[in-house]
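A short write-up of the structure that comes next.
In this text the structure is predicted, and so the values were computed from the model without any measurement.
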Amino acid sequence: MSLIELENPNAPISVHFKMDGPGFKEGIPLHLLTSGLLDFQSLLDKTYLGLTQRKRLSRDDRLRYYLLSKDITHGSAETDLGIVLTGIQTAFPFFSALGPTGLWEYSKQTFEFLKLVYSSMKAGNQPTYSWSGDNSQFQVNTGTQTNTYNAPVFNIGQMSVNNYESLVKPIEEKVVDFVAFGDPDIGAIKLDASTAEIFSLPSQIETTPLRLRCEIFDFNKFENVGKLHVNPGEPAKEGDYRFEVIGDQDVTLFIEAMLRKQVAVNCLREIAPNPFSPEKVVRFQVINIEP
């Protein structure tokens with residue numbers, strides 16, 4: 001795995017966080033603050049996982065690696081976040097060549113990579129990828145330019161997309177003008193109206209119903225949305241997906257379904273363009289649960 005070369009990777013690093021916009025005129029809305037900070041924590045988590053080639057953080061991981069804030073400035077949501085890595089070099093020796101600075105550098109590089117491929121999709125061009133002989137680097141071709149990145153950026157990018165989509169949602173809703181992490185000294189990840197436009201790819205609902213055997217493990221009866229797990233061997237790829245209930249269905253059926261290990265649902269796929277594959281399932285539109 002190719003790593004970014006850093007002069008002093010284990011030096012302490014502080015990432016400045018700021019979120020501002022019309023929603024902050026009367027104070028700091030906690031739901032905007034907490035969701036913004038959680039998404040940023042998750043972005044760094046995905047970088048950590050991508051570099052360690054793992055899928056989940058363990059309890060021990062969180063003891064060794066976390067963000068630390070000592071104050072939050074009012075008027076807008078603003079604070080300095082220290083990236084803390086303690087004892088991680090023992091568990092993953094290559095982190096001694098990365099440290100907090102490396103974690104931040106990979107997060108920035110991933111952001112630039114995602115902006116590139118999503119901009120390509122907005123222009124109607126599906127990016128293509130090629131890998132070096134030792135798989136330490138890859139090239140992305142957008143039809144108009146070719147850029148080279150270190151290998152971990154690809155997986156980190158795939159894992160991070162949902163968090164960027166979450167961060168730009170309040171910008172699209174015009175309650176937030178921008179969300180920024182970093183500063184001129186260490187570089188920055190900044191999301192504003194132009195970035196929100198890049199990450200917003202229109203979806204479409206297919207007309208051919210699917211019958212899926214799955215497990216419903218989350219449901220919000222007020223918004224008629226939830227999450228389900230598709231089992232192996234079904235017409236959709238195995239994994240966790242969001243779903244939305246079509247029409248005015250009895251929510252009791254969906255609440256009761258969470259008590260069962262497996263149910264059958266009839267649904268439509270809602271898909272969107274995806275820079276990593278021909279399409280992405282945004283959610284399933286559920287027609288009904290079979291009795």
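- With salt bridges taken as basic N to acidic carboxylate O contacts below 4.0 Å, none links Glu172 and Lys169.
- Residue Glu165 holds its CD atom at 7.5 Å from CG of Leu201, rounded to the nearest 0.5 Å.
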Audit row: Lys46, Gln158, side-chain contact (heavy atoms from CB on, under 4.5 Å) steps and yes/no: CA-CA 9 Å; Lys46 303 293 174 56; Gln158 285 185 301; over 6 Å; no
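- Separating the CG atom in Asp71 from the CG atom in Asp80 is a distance of 7.0 Å, to the nearest 0.5 Å.
- In this structure, the side chains of Val140 and Phe113 come closer than 4.5 Å at one or more pairs of heavy atoms.
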Audit row: Tyr118, Tyr164, ring-ring contact (aromatic ring centres under 6.0 Å, His included) steps and yes/no: CA-CA 11 Å; Tyr118 268 80; Tyr164 282 111; 9.0 Å; no
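- Using a 4.5 Å cut-off on side-chain heavy atoms (C-beta onward), Thr195 and Leu167 make no contact.
- At least one test fails for Lys227 against the ring of Phe219: distance under 6.0 Å to the centre or angle within 45° of the axis.
- Not one N or O on the side chain of Glu244 forms a donor-acceptor pair closer than 3.5 Å with the backbone of Gln285.
- Side-chain contact between Leu57 and Tyr65 is present, with heavy atoms from C-beta onward closer than 4.5 Å.
- To the nearest 0.5 Å, the span separating CG on Leu81 from CG on Leu68 amounts to 8.5 Å.
- The number of heavy-atom neighbours closer than 6.0 Å to CG of Asp248, taken from other residues, nucleotides and ligands shown, is 12 or below.
- Distance alone, capped at 3.5 Å, places no donor-acceptor pair between the Arg59 side chain and the Arg62 backbone.
- Checking side-chain atoms of Ser200 against main-chain N and O of Ala196 turns up no donor-acceptor pair under 3.5 Å.
- Between His229 and Glu238 there is a side-chain heavy-atom pair separated by less than 4.5 Å.
- Listed for the Trp104 side chain is a donor-acceptor partner under 3.5 Å among the backbone atoms of Ile186.
- No chain of hydrophobic side-chain contacts below 4.5 Å, direct or via other Ile, Leu, Val, Met, Phe, Trp or Tyr residues, connects Leu268 to Leu228.
- Under the 3.5 Å distance criterion, the side-chain polar atoms of Lys122 are matched with a main-chain donor or acceptor of Glu197.
- Gly23 and Pro29 make their closest contact through O-CG, 3.0 Å (heavy atoms, listed as atom of the first residue, atom of the second, distance).
- At distances below 3.5 Å, not a single donor-acceptor pair connects side-chain atoms of Asp192 with backbone N or O atoms of Phe178.
- Leu253 and Ile246 fall into different hydrophobic clusters, where Ile, Leu, Val, Met, Phe, Trp and Tyr are joined by side-chain heavy atoms under 4.5 Å apart, directly or via other members.
- No side-chain heavy atom of Leu51 sits less than 4.5 Å from a side-chain heavy atom of Gln53.
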Candidate pair Leu37 and Leu33, rule side-chain contact (heavy atoms from CB on, under 4.5 Å), full reasoning: CA-CA 6 Å; Leu37 289 174; Leu33 173 64; 3.7 Å; yes
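- With hydrogens and angles ignored, the 3.5 Å screen pairs no side-chain donor or acceptor of Ser166 with any backbone N or O of Asn162.
- Asp177 is not listed as a side-chain neighbour of Ile171, based on a closest heavy-atom distance of 4.5 Å or more.
- A donor-acceptor pair under 3.5 Å is formed between the side chain of Gln126 and the backbone N or O of Asn274.
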Criterion side-chain contact (heavy atoms from CB on, under 4.5 Å) on Leu67 and Ile83, from CA distance to verdict: CA-CA 5 Å; Leu67 294 180; Ile83 300 176; 3.7 Å; yes
Check against ring-ring contact (aromatic ring centres under 6.0 Å, His included), Phe40 and Phe17: CA-CA 9 Å; Phe40 181 59; Phe17 163 81; 7.3 Å; no
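- Two residues are said to be in side-chain contact when any heavy atoms from C-beta on lie closer than 4.5 Å; Cys214 and Val265 meet this criterion.
- Annotation: Gln204, atom CD; neighbour count of heavy atoms from other residues, nucleotides and ligands within 6.0 Å does not exceed 12.
- The structure places CD1 of Ile189 at 5.5 Å from OG of Ser107, a figure rounded to the nearest 0.5 Å.
- Grouping the Ile, Leu, Val, Met, Phe, Trp and Tyr side chains by contacts below 4.5 angstrom, directly or via other members, places Phe111 with Met159.
- Transitive grouping of hydrophobic side chains (ILVMFWY, heavy atoms separated by less than 4.5 Å) keeps Phe217 and Phe254 in distinct clusters.
- Val282 and Val161 fall into different hydrophobic clusters, where Ile, Leu, Val, Met, Phe, Trp and Tyr residues are linked whenever their side-chain heavy atoms come under 4.5 Å apart, directly or through other members.
- A salt bridge links Glu290 to Arg211: at least one charged side-chain nitrogen sits closer than 4.0 Å to a carboxylate oxygen.
- Side-chain N or O atoms of Thr146 include none that pairs as donor or acceptor with a backbone N or O of Thr142 at under 3.5 Å.
- There is no side-chain donor-acceptor pair under 3.5 Å between Thr110 and Ser160.
- Ionic pairing of Arg54 and Asp61 is present here: one or more N-O contacts between side-chain nitrogen and carboxylate oxygen are shorter than 4.0 angstrom.
- With no hydrogens or angles considered, no side-chain donor-acceptor pair links Asp183 and His16 at under 3.5 Å.
- Distance check, rounded to the nearest 0.5 Å: OG of Ser203 to CZ of Arg283 gives 6.5 Å.
- Proximity of the aromatic rings of Tyr66 and Tyr48 is defined here by a centroid distance below 6.0 angstrom, and this criterion is not met.
- Between Tyr129 and Phe154, the distance from one ring center to the other falls under 6.0 angstrom.
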Worked check of side-chain contact (heavy atoms from CB on, under 4.5 Å) between Lys221 and Ile255: CA-CA 8 Å; Lys221 67 179 182 179; Ile255 296 170; 4.2 Å; yes
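- Considering only heavy atoms from C-beta on, Lys55 stays 4.5 Å or farther from Leu49 through its side chain.
- Tested against Val281 for a side chain to side chain contact (heavy atoms under 4.5 Å, CB included), the candidates Arg242, Glu270, Arg269, Glu206 yield a single pass: Arg269.
- Side-chain atoms of Glu215 do not come within 3.5 Å of backbone N or O of Met258 as any donor-acceptor pair.
- For the residue pair Ser132 / Asp134, a side-chain donor-acceptor distance below 3.5 Å is found, with atom types taken as modelled.
- Salt-bridge annotation for Glu112 and Lys190: absent, with no side-chain N of the basic residue lying under 4.0 Å from a carboxylate O of the acidic one.
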